[in-house]
Amino acid sequence: MQEPSVLDYVKSIFRDWKSFTGFLRSLFDAARREEYNRHFVEAMPSEPAPPEAPVLPPESQPVFPWRSGLALCLALTGQWFLETGIRNAAAGILFYLPALFLAVWGARRGEWVLASPPQPDQRRTDALTVRLLPFLVGGFGGTVCAVAAFLDFGDNRFTWHNLTWWLLAIGFWALAFWQSSSWKRRRRAVPAAPRRPDWGWAALLLAVTALVVFFRVYRLNEVPAEPYSDHAEKILDVYDLSQGQYKIFFERNTGREGLQMYLTLAVARLFKTGLSFLSLKIGTILCGLLTLPYVYLLGKEVGNRRVALLALFLVGVAYWPNVISRSGLRFPLYPLFVAPVLYYLLRGLRNQNRSDFVLAGIFLGLGLHGYSPFRIVPLLVVLGIGIYALHNQPRRSWMQAVIWTGIVATMALMVFLPLLRYAFDNPGQFSYRAMSRLGAVDQPLPGPAWQLFLSNVGKGLLMFNWDDGEIWVHSIPHRPALDLISAALFVLGAALVLTRYLRQRRWLDLFLLLSVPVLQLPSTLSLAFPAENPALNRAAGAYLPAFLLVALALDGLAAALRARTSRRWGPVLANGLLFLLLLWSSFQNFNLVFVQYDRQFREGAWNSSEMGAVIAGFRQEYQTTDTVWIVAYPHWVDTRLPGVWAGIPNRDFAIWPEQIESTLLLAGPKMFLLRPDDAAGLETLQRLYPQGEFQRYASRQPSHDFLIYFVPAQP
């Protein structure tokens, strides 16, 4: 075939009006330009003419994307009917059904097209070969060190010698599997021409990051306002740690993995915040912020940098990730480690690079030290590799799948080793919390297991758009888990990704859809306590694929507006729509977190901070708290928490009415705090200490007042 000349190319452009307009469109879209040129070259054997349809089929010529726009409007209207305060499910479904039809129709006509994931990096492809010496040394050394570490972890304590064995085992196995040849190829590769920095994009990314950080740290000391019993347990665990008890697994309160305790102690010492509620919240806020870079990287892995930026923005301002990050509990540790595991897994499968699977395994093992729901993630990893292998039929893909799964499992096992030893010695304690929800450990199942599971799965899938559960401490009960904009785009994004999968059979689309219910399993498997499902904390890992679907849908809609309207008005319409939708989402999420959630939490949580301030005032005046007590009352304040606010994290101030008489033996001034309707406690105090005086403390929160009964010192 003779190579076409420049004159042939020019003639093909001006052959007719369709060729000319196709050429003009290709100038403003790189993907269309490449397709235009490819069709032109392929047509050369017969004549140097452009293809009949240079970019798009005739039925999808550039016209305003009315199907996509109407689908968005209908979906937003449908979601509005599902919002709290309206709650009309029939009306919501009535609008959602035509919205889905129009979105799928638009996708099939090439109107609403989702961004495609990046192409494999051929420089890093795994040749399934090993460097014999590093593999033998790493494998043998890793096995020896792992056995030594396992034996040395026997007393549920970290020591300098078992830590050394453990870290050596991880390092040796990483050395055995690491694919260093990719770096050699990269050094030998012809250097690409330097690209000019995209300062506009950098400024936009910086602005989004600043906004996200604002949403995450704004009023951190006030929202949420008060700790509750779980925080008291954590503070006591951190106190034990500060006293030199370097535990692997903390048995208090049915048992907890230890990563948050070590993080909180580091925060307390670094920021000088002490063993306090604020230290807990700073630690979990940091976990939430550290998740966001991997959200951006995941967006680039499933789409492009526009999808990545939209995902970063949406996750950063969203009420769901924000609330669980502010909780001061281990909740954000679930998505914190799901994000890098997903990123390195997807990048490793795309590039067929062993080193990415080493990193995925390390983060998988670290996640198992964080929050119990993360224990479902190994299933997600196996599912992802299996879907990849099923969509790549050659036998080599199955061999690769087995090898990659083995690498991830080995690295995760090495990192999990301390907990593995604890689970080996104490299987009941290690699995108690999960089994108490899954099986009939604490109470019989309220129905057949399969019916409960199917019901829970249905409720879990509806949490994004309808009802996020009834647990008020980390959610706004019985409202959608997503804001109105994100919820509508989540449904449309799922439909569009499913449509693309049915047409193109991309394994990543199927994996993205299935990862949502899989990451919800820690919530939906609550068979013994179905009322605890859905739960935003146990399903927190699912917000990552959910917001990726939202970002894909939003980017596809903006791209349709850019490509299918005029050169002048396309970018204006696309950017204007993005600005309005993101602004709407930001304002609603701000209201959800800093108005609705804050008000609801203050109404539900007891004001232990005010009690702690009263105790601190007594200590400042009398130099002691040994004669201060809180008269215990059922379903009232946790009597350990006021001490945390007063800087005494290891004391429970509780005293029951029948125990008050024992305080007569103590000299000095005394103070008792009690609930206003505790008639028995007040009567006992007045009988034993008739010289005492009481006053009512007026709380900032109505109905949260308490009584202060002061007994002056007697000779």
Side-chain angles (χ1 to χ4, degrees), residues 257 287-288 291-292 294-295 297-299 301-302 311 314-315 318 320-321 323-325 330-346 349 360 363-368 370-388 408 412 434 437-438 453-454 456-465 468-469 471 474-475 480-482 486-487 490-491 493-494 497-498 507-527 532-552:
E257 295 83 355
C287 292
T291 309
L292 297 175
Y294 280 103
V295 171
L297 293 173
L298 276 172
E301 195 61 39
V302 303
L314 292 164
V315 172
W320 178 5
V323 165
I324 65 169
S325 294
R330 299 177 300 154
F331 308 153
L333 290 171
Y334 185 15
L336 170 63
F337 291 107
V338 170
V341 169
L342 279 178
Y343 171 67
Y344 290 117
L345 177 67
L346 297 183
L349 292 173
F363 280 103
L364 182 62
L366 286 172
L368 293 170
Y371 186 33
S372 304
F374 190 88
R375 296 177 190 177
I376 204 66
V377 178
L379 173 63
L380 182 68
V381 172
V382 174
L383 177 68
I385 297 176
I387 291 175
Y388 173 86
V408 175
R437 267 57 189 169
L438 178 61
F453 177 67
L454 291 180
N456 280 359
V457 170
K459 292 178 182 178
L461 293 176
L462 291 175
M463 68 181 288
F464 303 98
N465 301 80
D468 61 3
I471 307 175
H474 54 64
S475 68
L482 305 179
S486 299
F490 169 71
V491 174
V497 170
L498 179 60
W507 75 271
L508 183 56
D509 290 338
L510 181 61
F511 176 68
L512 194 60
L513 292 171
L514 292 180
S515 62
V516 175
V518 170
L519 290 170
Q520 286 183 301
L521 284 175
S523 175
T524 56
L525 284 174
S526 182
L527 306 182
E532 295 183 1
N533 173 72
L536 294 188
N537 57 333
R538 296 176 191 160
Y543 80 63
L544 294 166
F547 277 105
L548 290 176
L549 293 172
V550 174
L552 281 168

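The basis for the numbers below is simple: all heavy atoms, side chains too, and nothing from hydrogens, waters or symmetry mates.
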Hits for side chain to side chain contact (heavy atoms under 4.5 Å, CB included) against Ala487, two or more places apart or cross-chain, chain-then-number order -> Gln79, Asn465, Leu482
N/O donor-acceptor pairs under 3.5 Å from side chains in residues 510-517, not counting sequence neighbours:
from	atom 1	to	atom 2	distance (Å)
Ser515	OG	Phe511	O	3.3
Ser515	OG	Leu512	O	2.8

Taken in chain and number order and not counting sequence neighbours, the residues that satisfy side chain to side chain contact (heavy atoms under 4.5 Å, CB included) with Pro378 are Leu364
For Ile324 and Ala540 the tightest heavy-atom approach is CD1-CB, 3.5 Å
Sorted by chain and residue number, the side-chain hydrogen bond (donor to acceptor under 3.5 Å, both in side chains) partners of Asp509 (sequence neighbours excluded) come out as Arg500
Heavy-atom closest pair (Val323 atom, His474 atom, distance to 0.1 Å) is CG1-O, 3.4 Å
Discussion item. Counting C-beta onward and ignoring hydrogens, is there a side-chain heavy-atom pair between Pro545 and Leu519 closer than 4.5 Å?
Written reply: yes
For the backbone of Ala535 and the side chain of Ser523, can you confirm whether one donor and one acceptor N or O come within less than 3.5 Å of each other? yes
The reported gap from CE in Met463 to OG1 in Thr524 (rounded to nearest 0.5 angstrom) is 10.5 Å
Which of Leu297, Leu508, Val341 passes side-chain contact (heavy atoms from CB on, under 4.5 Å) with Leu346? Answer is Leu508
Phe374 meets the ring-ring contact (aromatic ring centres under 6.0 Å, His included) criterion, sequence neighbours left out, with none
Nearest heavy-atom approach of Thr291 to Ala339 is CG2-CB, 4.0 Å
Residues passing the salt bridge (Lys or Arg N to Asp or Glu O under 4.0 Å) test with Glu301, sequence neighbours excluded, are Arg350
Hits for ring-ring contact (aromatic ring centres under 6.0 Å, His included) against Phe337, two or more places apart or cross-chain, chain-then-number order -> none
Any side-chain heavy atom of Leu548 within less than 4.5 Å of one from Leu544? no
Residues passing the side-chain hydrogen bond (donor to acceptor under 3.5 Å, both in side chains) test with Gln520, sequence neighbours excluded, are none
Taken to the nearest 0.5 Å, the spacing of Leu549 CG from Leu314 CG works out to 12.0 Å
The side chain to side chain contact (heavy atoms under 4.5 Å, CB included) partners of Ala318 (sequence neighbours excluded) come to Pro321, Phe547, Asn589
Interatomic distance, CG@Leu366 vs CD@Glu257, rounded to 0.5 Å, equals 13.0 Å
Next item on the list: Could you give me the CA-CA distance, side-chain angles and deciding distance for Leu345 and Ile385, then say whether side chain to side chain contact (heavy atoms under 4.5 Å, CB included) is met?
Entry: CA-CA 8 Å; Leu345 177 67; Ile385 297 176; 3.8 Å; yes
side-chain hydrogen bond (donor to acceptor under 3.5 Å, both in side chains) filter on Tyr543, not counting sequence neighbours, yields none
Review point. So do the side chains of Leu525 and Asn456 get within less than 4.5 Å of each other, counting heavy atoms only?
Key: no
### Check: Asp468 side chain, Leu536 main-chain N or O, donor-acceptor pair, under 3.5 Å
no
Taken in chain and number order and not counting sequence neighbours, the residues that satisfy side chain to side chain contact (heavy atoms under 4.5 Å, CB included) with Ile376 are Tyr334, Leu379, Leu521, Pro522
By ring-ring contact (aromatic ring centres under 6.0 Å, His included), Tyr371 pairs with (sequence neighbours left out) Phe331
Heavy-atom nearest pair, Phe363 first then Pro340, reads CD2-CG, 3.6 Å
